[in-house]
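A short worksheet on the structure shown next.
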Amino acid sequence: MTLCAAYQQFLKEKISEGVTEQTLKYYKYNLPKFIEWCVDNKIENVEDVYTHLFEDYKLYLIENKNGTKKISLQTYTRAVKTFLLWLNENEFIQNVGKLKLIKAEIANIVPLSDVEVKILLNNFDNSYFGIRNKLMVMFMLDSGLRRGEVVSLESKNIFMHNNTMLVQGKGEKERLVPFGEETKRYINRYSHMRNEYEKRFFQKEDGTPITDNTIKMYFQDLKESTGIIRLHPHLLRHTFATNYILYGGDVEELRILLGHTSLQMTMKYVHLATQQRILNQRYHSHIDKLFCQYDNKLVQYSGSF
C-alpha cells in the first residue's frame, strides 16, 4: 500500500470516529507535507517506513525551520506521530519504536490584568460589529470559551432563564457553562441584531456564520487598537481560569467548566493565580526596608550635631 492510500484510509477512519472538523483540518494540513517529504526521499509505500523515519523527519524540520518556533514544529510532528502509530496498530508497519516529539519551549502565560480587561472591553462601539465582537470577547472572559466554541455556539443552546449555555468542546463533548448579568445584557442586545433563522449564534453582517478566521483577523486588529501586543483568543480563557481560582473557585469545578479531561491540565491555573495574588498584594522589599533603616540612621546621626 502506498503512503498516500494509507493516508486516505486514515482520514476515513478518523471521520468515522467522529473527530471534529478542526482536527481533520489539522491532519490534512500536516500529513501531506510529511508524505511529500517521504516521497522526495524515495519512501512511497508503507513497507518503506523504517524505524528511525520519525527521527529523520524531526531533524529535517529542525534544520529547515526558517524561524518557526519549536512549539509549532512539535504540533507538526504530533500529527505524524498519530499517523505512524495508526499504521503500527493496523499492522501496516512493525516496530515503530518510541516516537518522541520535539521538545518545545514552555510559553510564559501572563493573564490580562483588570486594567487590561477594562481597556479591552472599552474598545467597542455600539455598531453591529461592536456589539457582536464585544460579546464574543465576553464569552471568552466570562465563561472561558475556546475560539472554536464561540464559532460553533448555537442560539438554541443559550438559556437565558438560568444564565447558562450548552457548549460543544473538543471531541464534540458537551458541557454547561454559566455567564454573568453583563454578558446576558449583551446577549439580549445582539439577539435583536442577528439573523434569527441562522442556527449559529454569531454571524457576519450578511447573516452567515462566522468562521475561525473571522476571530483570528479581528484579534489582530484588537492588538493594535488596545496596545496589548500579547493578546490572542486563548489568553482570555487563561484569564478567566486564573481569576476563577484567584477569587476562591474550586479546581475540580474549573476543570469541568473548561472541559478538561484531566485535573493536571487545570492545575497550571493554581500556579498562575498564586503568581497573580503575589503581584496584587503589596510586595515588601527587604532591600527597601534596609535602605529605609539606613536613611533613618543617617538622619538621626546628622541631627546629633
Side-chain angles (χ1 to χ4, degrees), residues 20 22-23 71 74-75 104-124 133-153 157-159 162-184 186-187 201-202 212 215-216 218-219 222-223 226 228-281:
T20 64
Q22 193 68 22
T23 302
I71 187 67
Q74 186 186 77
T75 302
E105 61 278 3
I106 300 174
N108 186 25
I109 301 170
V110 182
L112 295 176
S113 66
D114 288 348
V115 171
E116 288 174 320
V117 169
K118 288 179 181 178
I119 290 172
L120 178 59
L121 293 178
N122 287 332
N123 195 68
F124 305 94
N133 294 342
K134 184 171 184 176
L135 183 54
M136 290 193 296
V137 165
M138 292 175 80
F139 275 156
M140 297 176 193
L141 277 172
D142 200 28
S143 304
L145 267 62
R146 300 179 177 95
R147 183 184 67 216
E149 293 168 349
V150 171
V151 172
S152 64
L153 182 66
N157 291 331
I158 300 175
F159 311 119
N162 63 356
N163 288 32
T164 61
M165 52 187 158
L166 186 65
V167 175
Q168 189 175 77
K170 287 186 175 181
E172 298 187 351
K173 295 176 182 176
E174 293 184 333
R175 68 183 190 280
L176 273 175
V177 296
F179 53 81
E181 289 300 320
E182 186 66 11
T183 299
K184 183 177 183 178
Y186 269 83
I187 292 172
F201 186 65
F202 287 109
D212 268 351
I215 298 180
K216 285 180 184 178
Y218 184 66
F219 267 79
L222 274 180
K223 283 183 182 182
T226 62
I228 307 172
I229 305 303
R230 72 183 190 286
L231 188 64
H232 57 88
H234 213 71
L235 182 61
L236 306 190
R237 180 172 158 91
H238 290 322
T239 301
F240 159 78
T242 302
N243 286 333
Y244 188 87
I245 296 296
L246 186 61
Y247 294 105
D250 179 75
V251 181
E252 175 60 19
E253 290 175 359
L254 179 61
R255 183 190 70 79
I256 294 170
L257 288 175
L258 293 176
H260 285 166
T261 53
S262 70
L263 194 60
Q264 184 180 358
M265 300 170 69
T266 316
M267 286 301 294
K268 66 181 176 184
Y269 295 111
V270 176
H271 176 67
L272 287 174
T274 303
Q275 282 185 326
Q276 197 65 41
R277 190 175 291 115
I278 292 170
L279 294 174
N280 289 346
Q281 293 171 349

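- Considering only residues two or more places apart in sequence or on other chains, Arg237 meets the salt bridge (Lys or Arg N to Asp or Glu O under 4.0 Å) condition with none of them.
- Taking OG1 from Thr183 and CG from Leu141, the interatomic distance works out to 8.5 Å, rounded to the nearest 0.5 Å.
- Put simply, CD1 on Ile109 and CZ on Arg230 are 11.5 Å apart, with the number rounded to the nearest 0.5 Å.
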For this session: Could you check Phe201 against Ile187 for side-chain contact (heavy atoms from CB on, under 4.5 Å), going step by step and ending with a plain yes or no?
Result: CA-CA 10 Å; Phe201 186 65; Ile187 292 172; 4.1 Å; yes
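- Counted within 6.0 Å of NE2 on His271, heavy atoms from surrounding residues, nucleotides or ligands total 12 or fewer; the atom is thus considered open.
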For this session: Walk me through it: do Val151 and Phe202 pass the test side-chain contact (heavy atoms from CB on, under 4.5 Å)?
Result: CA-CA 7 Å; Val151 172; Phe202 287 109; over 6 Å; no
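- In terms of the side chain to side chain contact (heavy atoms under 4.5 Å, CB included) criterion, residue partners of Thr75 (sequence neighbours excluded) are, by chain and number, Tyr26, Arg78.
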Exercise. Thr20 and Thr23: side chain to side chain donor-acceptor pair (under 3.5 Å), yes or no, with the steps?
Worked result: CA-CA 5 Å; Thr20 64; Thr23 302; 2.9 Å; yes
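- Formation of a donor-acceptor pair under 3.5 Å by the Thr226 side chain with backbone atoms of Ile228 is found in this model.
- To the nearest 0.5 Å, the span separating CG on Leu176 from CD1 on Ile256 amounts to 11.5 Å.
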Got a list of side-chain donor-acceptor pairs under 3.5 Å for residues 261-270, not counting sequence neighbours?
{"unit_1": "Thr266", "atom_1": "OG1", "unit_2": "His260", "atom_2": "ND1", "d": "2.9"}
{"unit_1": "Tyr269", "atom_1": "OH", "unit_2": "His238", "atom_2": "ND1", "d": "2.7"}

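- In this structure, the separation between CD1 on Ile158 and CE on Met165 is 7.0 Å, given to the nearest 0.5 Å.
- With contacts defined as side-chain heavy-atom distances shorter than 4.5 Å, the pair Val150/Pro233 does not qualify.
- Between the CG atom in Asp250 and the CD1 atom in Ile245 there is a gap of 7.0 Å [rounded to 0.5 Å].
- Between Leu235 and Pro111 the shortest heavy-atom distance is CD1-CA, 4.1 Å.
- Residues Phe240 and Leu254 form a side-chain contact, since some pair of their non-hydrogen atoms from C-beta on lies under 4.5 Å apart.
- Listed by chain and number, the residues in a side chain to side chain contact (heavy atoms under 4.5 Å, CB included) with Lys184 are Met160, Asn163, Phe179, Glu181, Asn188 (sequence neighbours excluded).
- Remark: Met138 CE to Leu236 CG distance equals 12.0 Å, nearest 0.5 Å.
- Take Asp114 and apply the side chain to side chain contact (heavy atoms under 4.5 Å, CB included) test, not counting sequence neighbours, and it matches Tyr247.
- Considering only heavy atoms from C-beta on, Leu145 comes within 4.5 Å of Val177 through its side chain.
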Problem set entry | Lys216 and Arg147: CA distance, side-chain angles, deciding distance, side-chain contact (heavy atoms from CB on, under 4.5 Å) verdict | CA-CA 9 Å; Lys216 285 180 184 178; Arg147 183 184 67 216; 3.6 Å; yes
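- Nearest heavy-atom pair across Pro178 and Leu257 is CD-CD2, 3.5 Å.
- Between Lys134 and Asn123, the closest side-chain pair of non-hydrogen atoms is not below 4.5 Å.
- For the pair Tyr244 and Leu258, the minimum side-chain heavy-atom distance is 4.5 Å or more.
- Listed by chain and number, the residues in a side chain to side chain donor-acceptor pair (under 3.5 Å) with Glu149 are Arg146, Arg175 (sequence neighbours excluded).
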For this session: Assess whether side-chain contact (heavy atoms from CB on, under 4.5 Å) is satisfied between His232 and Ile215, documenting all intermediate values.
Result: CA-CA 10 Å; His232 57 88; Ile215 298 180; over 6 Å; no
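- Counting only heavy atoms from C-beta outward, the side chains of Leu231 and Leu112 approach each other to under 4.5 Å.
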